[in-house]
Number of protein chains: 2
Amino acid sequence: MPRNDKKMKNSQLYKGSLNTIIMKLLEENGKMYGYEITQKVKTITQGELNITEGALYPALHKLEAEGLLDVEIEKVDNRMRKYYKLTETGQKETVNRLSELEDFIRNMQSLVNPKPSLEF
Amino acid sequence: MPRNDKKMKNSQLYKGSLNTIIMKLLEENGKMYGYEITQKVKTITQGELNITEGALYPALHKLEAEGLLDVEIEKVDNRMRKYYKLTETGQKETVNRLSELEDFIRNMQSLVNPKPSLEF
DNA sequence: TATTATGTATAAGAATCTTATGTATATTTG
DNA sequence: CAAATATACATAAGATTCTTATACATAATA
């Protein structure tokens, strides 16, 4: 059974951003399951970012182990789903992560798009 | 001889962005040496991003090995400097990397700051 | 004279991700 | 209806990138 995923590989730039993405999506949507997260990200980025299972599931397990996520298992259509949601700690930490992301983006833009000192 | 660098550690988000930063700075400044790059980045980001030597020098060596950078050794004040500059290939690749960075930032903003469908 | 600044370098280990699998059920397509 | 695709989870091996800790050396400062 071949996996015909056309694995166009993500830019190295995404390395390190997965946890923040997961936490933000959970903050926004209350609870989500793994597969749903991959699809949501694909949709939002118009196919530009594809989260692989090999990255996603270990990340979810780690966030759970760190006490940032809670899990709740459901069975839908005879298929298992593991719904994740932010714990209270997770909610607080999400604020920090999003703040870090803003700083990061701002810094990257400063580096790449340096403002001319003055113009006229 | 202790290094008293107050190593406040960088956010994981920066992981994967170092090559792009180096190439952009070289595109902008023509040629730079390693230490100069660390200082420039520190200045531009107002101390928020500190590139460590352990990350920088291997990255420079790799970019050189990939044919994206050329190196030229100078001796200033009896101290060695290795000036790096983009090769022609490196210049072309820099355009791609910057384009990737723009896409990355755009995608992260879409994920984190989803637009309301319509507002009024 | 001891520390800090300048300057390069590498090695060990951590963290994150890709790639390749494995298992299982439901749905769609040829 | 059989095969492929979609849905849904999981892990292991290896690659890549980075942190941390060193190492060496000279110049400037406290």
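Model, not experiment: these values are computed from the prediction. Quick note: numbers below take in every heavy atom, side chains included, and nothing from hydrogens, waters or symmetry partners.
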Could you state the CG-P distance from A:Asn50 to C:dT19, rounded to the nearest angstrom?
11 Å

Any non-hydrogen side-chain atom of A:Ile51 less than 4.5 Å from a side-chain atom of A:Ile22?
no

Could you give the CD-to-P distance, from B:Glu53 to D:dT19, as a whole number of Å?
11 Å

What is the distance from NZ of A:Lys15 to P of D:dT19, rounded to the nearest Å?
13 Å

Tell me whether A:Asn50 contacts the main-chain N or O of A:Asn10 through its side chain, where contact means a donor paired with an acceptor under 3.5 Å.
no

Using the C1' atoms of five pairs at each end, what's the angle between the two axes of the helix from C:dT1-D:dA30 to C:dG30-D:dC1, to 10 degrees?
20°

Under a 4.0 Å heavy-atom cut-off, which of residues 76-86 of chain A touch DNA chain D?
A:Arg79, A:Met80, A:Arg81, A:Lys82

Short side-chain to backbone donor-acceptor contact, B:Asn29 and B:Leu25, under 3.5 Å:
yes

By the salt bridge (Lys or Arg N to Asp or Glu O under 4.0 Å) test, which pairs, at least two apart or in different chains, include something from residues 17-30 of chain B?
B:Lys24-B:Glu27, B:Lys24-B:Glu28

Qualifying salt bridge (Lys or Arg N to Asp or Glu O under 4.0 Å) pairs with a residue from residues 34-46 of chain A, counting only residues at least two apart or across chains
none

Run the numbers on A:Lys85 and A:Asp70 for side-chain contact (heavy atoms from CB on, under 4.5 Å), then give the verdict.
CA-CA 5 Å; A:Lys85 64 168 193 278; A:Asp70 268 343; 4.2 Å; yes

Just jot down the ring pair (Phe, Tyr, Trp, His ring centres under 6.0 Å) partners of A:Tyr14, sequence neighbours excluded, or say none.
B:Phe104

Round to the nearest Å and state the distance from B:Ile51 atom CD1 to D:dT19 atom P.
9 Å

May I ask you to verify if any side-chain N or O of B:Tyr33 is less than 4.0 angstrom from the OP1 or OP2 atom of C:dG7?
yes

Counterpart residues, side chain to side chain donor-acceptor pair (under 3.5 Å), relative to B:Glu93 (two or more places apart)
B:Asn96, B:Arg97

According to a strict under-4.0 Å criterion, is A:Thr52 in side-chain N/O contact with OP1 or OP2 of C:dT18?
yes

Phosphate OP1/OP2 of C:dT16: any B:Gln12 side-chain N/O under 4.0 Å
yes

Under a 4.0 Å heavy-atom cutoff, the residues of residues 55-69 of chain B touching DNA chain D are B:Ala55, B:Lys62

Look at all strands and tell whether A:Gly54 reaches a base, only sugar-phosphate, or nothing, counting heavy atoms closer than 4.0 Å.
base

Atom pair distance, as rounded to whole Å: CD in A:Gln39 and P in D:dA8:
9 Å

Quiz: residues 74-82 of chain B side-chain donor-acceptor pairs under 3.5 angstrom, not counting sequence neighbours:
unit_1  : atom_1 : unit_2  : atom_2 : d
B:Glu74 : OE2    : B:Lys31 : NZ     : 3.1
B:Arg81 : NH1    : B:Tyr83 : OH     : 3.0
B:Arg81 : NH2    : B:Tyr33 : OH     : 3.3

Examine C:dC17: is either OP1 or OP2 under 4.0 Å from a nitrogen or oxygen in the side chain of A:Asn10? Give yes or no.
no

Using atom OH of A:Tyr35 as one end and atom C1' of C:dT23 as the other, report the distance to the nearest whole Å.
16 Å

Applying ring pair (Phe, Tyr, Trp, His ring centres under 6.0 Å) as the test, list every pair that has at least one member in residues 43-67 of chain B; sequence neighbours left out.
none

Grab the OH-C1' distance between B:Tyr14 and C:dA15 for me, whole Å please.
18 Å

Rounded to the nearest 0.5 Å, what separates atom CE in A:Met108 from atom OG1 in B:Thr45?
10.5 Å

Name all residues meeting the salt bridge (charged side-chain N to carboxylate O under 4.0 Å, His left out) criterion together with A:Asp103; count only those two or more places apart in sequence or in a different chain, and write none if there are none.
A:Arg106

Note: contacts of residues 16-29 of chain A with DNA chain C (heavy atom, under 4.0 Å) are A:Gly16, A:Ser17, A:Leu18, A:Asn19

Provide the closest heavy-atom pair for A:Ile37 versus A:Leu56 in the form atom of the first, atom of the second, distance.
CG2-CD1, 4.2 Å

Mind calculating the distance between NZ (B:Lys40) and C1' (C:dG7) to the nearest angstrom?
18 Å

B:Glu66: salt bridge (charged side-chain N to carboxylate O under 4.0 Å, His left out) partners, not counting sequence neighbours
B:Lys62

